[in-house]
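Structure, as structure tokens:
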Amino acid sequence: MEPGNEKQLNFIEQIIVEDLESGRVQEVITRFPPEPNGYLHIGHAKSICLNFGLAESFKGKCNLRFDDTNPEKEEEHYMQAIKEDVGWLGFQWAQLCYASDYFEQFYRWAVELVTAGLAYVDRQSPEEIRQTRGTLTEPGENSPFRNRSVEENLDLLEKMRKGEFDEGECVLRAKIDMSHPNINMRDPVMYRILKKAHYRTGNHWCMYPMYDFAHGYEDAIEGITHSICTLEFADHRPLYDWFLDNVHVPSRPRQYEFARLNLSYTVMSKRLLLGLIQEGIVNGWDDPRMPTIQGLRRRGYTPSSIRRFCGEIGVAKSNSMVDYELLEHTIREELNTTAQRVMVVLRPLKVVIENYPEGREELIEYQNNPEDPSMGTRMVPFSREIYIEQDDFREDPPKKFFRLAPGKEVRLKHAYYLTCREIIKDTSGNIVELRCEYDPQSRGGETADGRKVRGTLHWVSAPHAVNVEVRLYDKLFTLKNMSEMEEGKSYHDYLNPNSLEVLRGSLAEPVLKEAKPFDRFQFLRQGYYTVDYESTQDTPIFNRIVALKDTWAKIQSKGLGNR
RNA sequence: UGGGGCGUGGCCAAGCGGUAAGGCAAGGGACUUUGGAUCCCUGACUCGGAGGUUCGAAUCCUCCCGCCCCAGCCA
């Protein structure tokens with residue numbers, strides 16, 4: 001942290017400042033320790049931004065460490081995806097580490113604990129261990145194997161390592177206190193036998209360390225000064241400390257807990273996320289509706305907007321539920337200044353400008369971004385037949401409707417004023433075309449007489465229009481707090497049926513034919529969109545990142561009933 | 001009825017004994033060639049509740065209430 005920085009510090013930053021001032025630590029070293037058993041989501045992003053951010057602002061270091069102590073769940077491809085996601089978010093780790101690289105050292109510490117009489121091999125079955133653990137209000141019972149001699153335990157531990165026991169036959173346990181009020185301290189398991197190949201160590205080991213036994217040691221090996229985890233691990237801190245305090249470790253890290261992120265209208269649990277995929281409700285981990293980093297990326301979110309969001313939500317210890325509107329706000333704010341404005345008619349309505357010469361076409365100079373004049377202008381073709389948005393015309397307009405209606409005049413962005421003269425309907429009464437008239441004197445979008453035209457519409461020249469597919473995404477669930485589902489219901493009962501709407505008849509101005517995957521645009525008056533990677537030259541595909549704020553929609557919904 | 005954590009406006013969140021920051025959302029207005037953006041303005045007479053200490057308390061003490069987490073050979 002810069003000296004003299006007046007910024008308010010979160011509680012972890014305050015602790016770090018104190019630690020630096022007291023000399024407890026010389027340099028801040030943190031770590032982001034994912035288990036490679038799934039994809040990262042926005043909740044992980046909070047932790048990533050916290051850990052890497054702390055290292056950045058205190059000029060320290062942050063490691064990316066795979067906490068890969070369970071071969072049953074972990075896979076190489078998850079590890080690769082996590083590395084990519086952390087890098088995409090814009091962070092560089094000081095070291096790339098793997099808990100599995102420390103297995104030998106863990107074993108030595110286990111031997112040290114056994115030798116000190118602080119660990120023992122328990123031959124009880126998993127069921128017996130569970131039954132003798134006691135309950136929240138009753139103490140547990142000592143294992144009948146608790147008082148073996150050190151020699152016997154050492155021998156048994158070696159046999160465990162050599163594979164002389166089957167899975168479930170025995171475990172190594174810390175000898176702490178079976179009547180401890182904190183259940184985690186009731187002789188926790190340190191090693192279990194798992195005759196499974198590990199994605200990195202192969203078949204070298206047939207027993208694997210448990211989280212509580214391993215985690216503090218991983219931190220100690222790497223010299224982590226501040227080991228940050230989520231609230232549910234607060235109960236484990238006494239254990240974290242116990243393991244570190246009872247052997248000789250190279251450094252003494254401290255654990256701190258913060259509240260994990262919850263976002264409204266979505267879920268963060270790997271299990272539920274996986275369920276959505278397996279049931280075909282979404283199309284994979286990178287479906288733009290998913291709160292995964294890959295989903296957000298495909299949706300069009302930028303790394304900087306996600307980092308901004310993580311900075312906005314703060315770091316504290318109270319369980320919280322952040323409004324998804326805040327996430328939307330951060331991407332809107334960024335894209336407002338960086339996204340090129342283009343015109344795309346989502347649901348086209350044909351307009352023929354009767355007094356515009358047939359066969360004539362011209363190029364209209366169009367501002368790429370009014371927020372940033374340095375982005376320049378481009379030329380957009382205009383002609384006698386254009387398309388406008390169906391929603392921009394009402395045969396019988398309500399009050400305060402500034403758009404097109406019979407006899408009403410509007411402005412076509414950067415082009416001309418347009419007045420509706422005639423409506424053409426099909427046999428079933430649907431409006432299929434508008435016959436309009438333009439004012440040749442209004443080129444560019446204004447006239448010498450200075451008359452006011454309230455509505456400005458986006459448009460696309462019919463002969464030049466490019467057919468595009470547009471995917472409109474919305475929130476996945478209808479329940480704000482998904483942890484408050486009604487008794488007996490599942491997330492299936494709260495799925496938003498409109499989380500994806502695909503539009504295939506949308507028409508865009510020619511420049512969009514050149515758009516590349518992950519390019520981001522503002523479709524004028526509508527929202528921000530990005531090019532999906534399934535996009536092709538023939539049919540460009542756009543994902544809606546977020547809609548623009550829609551004051552008109554708000555007015556309408558409020559005035560519902562009084563027209 | 002064990003242990004741990006947390007309760008500040010609708011949602012986050014500062015505040016660390018001196019008289020309630022900020023952001024999002026909401027409402028009102030100005031401006032506008034995006035009903036976008038921008039710009040103003042409004043909102044906790046009060047900090048879960050009740051007592052107490054103090055000249056002074058969201059901040060200290062006591063009691064009470066509420067919510068979350070823990071009984072994997074998961075992390």
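In what follows, chains carry the letters A, B, and so on, assigned in the order in which the sequence lines appear, proteins first and then strands, with residues in each chain numbered from 1.
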Taking the six-membered ring where the residue is Trp, are the ring centres of A:Tyr438 and A:Tyr417 under 6.0 Å apart? no
Using ring centroids (six-membered ring only for Trp), state whether A:Phe233 and A:His215 fall under 6.0 Å. no
Under 3.5 Å for both donor-acceptor distances, Watson-Crick or wobble: does [N] have a partner, and if so which one?
N      : value
B:rA37 : none
B:rC60 : B:rG52
B:rC67 : B:rG5
B:rC73 : none
B:rA26 : B:rU42

Under the 3.5 Å rule, do the base of [N] and the side chain of [X] count as making a donor-acceptor pair?
X        : N      : value
A:Glu232 : B:rC68 : no
A:Arg411 : B:rU34 : no
A:Gln522 : B:rU34 : yes
A:Glu371 : B:rG36 : yes
A:Asn182 : B:rG4  : no

Atom pair distance, as rounded to whole Å: [atom1] in [X] and [atom2] in [N]:
X        : N      : atom1 : atom2 : result
A:Asp212 : B:rG4  : CG    : C1'   : 14 Å
A:Lys317 : B:rC68 : NZ    : P     : 18 Å
A:Ile129 : B:rA71 : CD1   : C1'   : 13 Å
A:Arg260 : B:rC70 : CZ    : C1'   : 14 Å
A:Met375 : B:rU34 : CE    : P     : 17 Å
A:Lys270 : B:rC74 : NZ    : P     : 15 Å
A:Leu231 : B:rC67 : CG    : P     : 17 Å
A:Ile555 : B:rG28 : CD1   : C1'   : 13 Å

Which is true for [X] with a 4.0 Å heavy-atom rule: it touches a base, it touches only sugar-phosphate, or it touches nothing?
X        : value
A:Tyr191 : nothing
A:Thr135 : base
A:His414 : base
A:Glu167 : nothing
A:Pro139 : nothing
A:Met210 : sugar-phosphate
A:Arg130 : sugar-phosphate
A:Glu35  : sugar-phosphate
A:Arg403 : base
A:Ile313 : sugar-phosphate
A:Phe401 : base
A:Pro209 : sugar-phosphate
A:Val453 : nothing
A:Asn70  : sugar-phosphate

I'd like to know if [X] pairs up with [Y] as an ion pair, taking the criterion as any Lys NZ or Arg NE/NH1/NH2 lying under 4.0 Å from an Asp or Glu carboxylate oxygen.
X        : Y        : value
A:Glu389 : A:Arg403 : no
A:Glu72  : A:Arg192 : no
A:Arg237 : A:Glu257 : yes

Would A:Arg148 pass as a cation-pi partner of A:Tyr120, given that its NZ or CZ must be under 6.0 Å from the six-membered ring centre and within 45 degrees of the axis? no
Nearest to side-chain heavy atoms of [X], which nucleotide of [options]:
X        : options                : result
A:Ser320 : B:rG3, B:rC74, B:rC12  : B:rC12
A:Val189 : B:rG36, B:rG2, B:rC73  : B:rC73
A:Ala316 : B:rG36, B:rA13, B:rC70 : B:rA13
A:Ser318 : B:rC6, B:rU34, B:rG5   : B:rC6
A:Asn184 : B:rC73, B:rC70, B:rC11 : B:rC70
A:Thr69  : B:rA71, B:rU1, B:rA75  : B:rA75

Side-chain N or O of A:Arg525 versus OP1/OP2 of B:rA37: is the shortest distance under 4.0 Å? no
Look at A:Arg133 and B:rC73 and indicate whether a side-chain polar atom (N or O) is within less than 4.0 Å of OP1 or OP2. yes
Determine the Euclidean distance between corresponding [atom1] atoms of [M] and [N]; express it in Å to zero decimal places.
N      : M      : atom1 : result
B:rU54 : B:rU59 : P     : 16 Å
B:rG9  : B:rG15 : C1'   : 15 Å
B:rC45 : B:rC11 : P     : 15 Å
B:rC70 : B:rG56 : P     : 44 Å
B:rU62 : B:rG28 : P     : 48 Å
B:rG7  : B:rG49 : C1'   : 11 Å
B:rU32 : B:rU38 : C1'   : 9 Å
B:rC74 : B:rC68 : P     : 27 Å

Taking syn as a glycosidic torsion within 90° of 0 and anything else as anti, which one is B:rG29? anti
Where does B:rC11 fall, syn or anti, if syn means a chi angle no more than 90° from 0? anti
Quick one: do the A:Asp122 and A:Gln124 side chains pair a donor with an acceptor below 3.5 Å? yes
Could you check whether A:Glu334 and A:Tyr528, counting side-chain N and O atoms only, form a donor-acceptor pair closer than 3.5 Å? no
Closest non-hydrogen atom pair, A:His414 against A:Tyr366: CD2-CD1, 3.3 Å
Toward the 5' end of RNA chain B, by each residue's nearest nucleotide, A:Leu548 or A:Arg332: A:Arg332
Comparing nearest nucleotides in RNA chain B, the 5'-proximal residue of the pair A:Ala234, A:Gly134 is A:Ala234
Which of A:Asp219, A:Thr30, A:Asn51 passes side chain to side chain contact (heavy atoms under 4.5 Å, CB included) with A:Ser227? Answer is A:Asp219
